[in-house]
There are 2 protein chains.
Amino acid sequence: MMKIDGNCDSGCPVAAAATVFDGKWTSLILRDLMSGTKRYSELQRSLTGISPRMLAARLTMLEEKGLISKTIYPTVPPKTEYTLTESGQRAEAVIMALAAFGATLARPG
Amino acid sequence: MMKIDGNCDSGCPVAAAATVFDGKWTSLILRDLMSGTKRYSELQRSLTGISPRMLAARLTMLEEKGLISKTIYPTVPPKTEYTLTESGQRAEAVIMALAAFGATLARPG
DNA sequence: CGGAATCCATAGGGATACTG
DNA sequence: CAGTATCCCTATGGATTCCG
């Protein structure tokens, strides 16, 4: 069991992870990629209501943070695939924890 | 906040949990409370840079979502304590997962 | 198909000052 | 001490359009 400090301002792993999972779409994108490689349009269809701009921004961020990798097939029409890296697969544990916790919450509405 | 709706219809537990952990401070507050009951001023000192407004807003949200409870001692000077509820203690698993994952990330700076 | 560019409204959130 | 109230700004992010 990992020790967590009550006060680890700089370099706190919780804070570091929180920046990655920031925003309302990130965890949903990772959740979707947990079931395997997906195309841009597949993600867009799955993430109801997300704008192309948002999806592209989150995918870029996740790629920069090293959680996903991008493969471009120079075909016509073009095709791009997104896959979890090893780091992204490690992030699955967070998604699972989120899912388990979320399942215990009372549903609003 | 807007409704989140991904590919597991309108009750996705990941989305539900994501709304609770929204924002940069929430997980840090929960992290702090994991080590025990804390006062408002203790949290403010621990969460370097947070504004009173922000701290109050997040604490109110967490209380409304049922993750923390608030005890007011009508003393002079006044004293308020925040404690994790059972739901909040269930959220510890998410914080632990975040910490474990965050520890594997490359440190910026 | 997979984005990038542009425009624009909203609210998230910081700084400061004040109060019970 | 434990917050509120107020001001104000910027970054977030939606809608739309266009391009390789």
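Any value given below was found using the heavy atoms of this structure, including those in side chains, with hydrogens, waters and symmetry copies removed. Throughout, protein chains are lettered first and strands after them, A, B, ... in sequence-line order, and every chain is numbered starting at 1.
- Atom-to-atom, OH of B:Tyr82 to P of D:dC1 comes out at 14 Å; the value is rounded to the nearest Å.
- Put simply, B:Tyr40 has no side-chain N or O that comes within less than 4.0 Å of OP1 or OP2 on D:dT4.
- Rounded to whole Å, the distance from CZ on A:Arg45 to P on C:dG3 is 14 Å.
- Taking atom NZ on A:Lys38 and atom P on C:dG3, their separation rounds to 16 Å, with Å as the unit.
- Side-chain atoms of A:Thr85 do not come within 3.5 Å of backbone N or O of A:Ser69 as any donor-acceptor pair.
- Considering only side-chain N and O atoms, A:Ser41 lies under 4.0 angstrom from the phosphate OP1 or OP2 of C:dG2.
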What string of B, S and - do you get for nucleotides 13-20 of chain C 5' to 3' if you count protein non-hydrogen atoms under 4.0 Å?
BBB----B

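- Contact check for B:Phe21 versus B:Ile95: side-chain heavy atoms found under the 4.5 Å cut-off.
- Side-chain atoms of B:Ser46 do not come within 3.5 Å of backbone N or O of B:Glu42 as any donor-acceptor pair.
- Between the CG atom of B:Leu43 and the C1' atom of D:dC1 there is a distance of 13 Å, rounded to whole Å.
- One end of the helix from C:dC1-D:dG20 to C:dG20-D:dC1 points its axis 60° away from the other end's axis, with each axis taken from 5 pairs and the angle rounded to 10°.
- Residues from residues 67-74 of chain B lying near DNA chain C, meaning a heavy-atom separation below 4.0 Å, are absent.
- Side-chain atoms of A:Tyr40 come within 3.5 Å of backbone atoms of A:Pro52 as a donor-acceptor pair (strictly under, hydrogens ignored).
- For B:Ser35 and B:Lys38, the side-chain atoms include at least one donor-acceptor pair closer than 3.5 Å.
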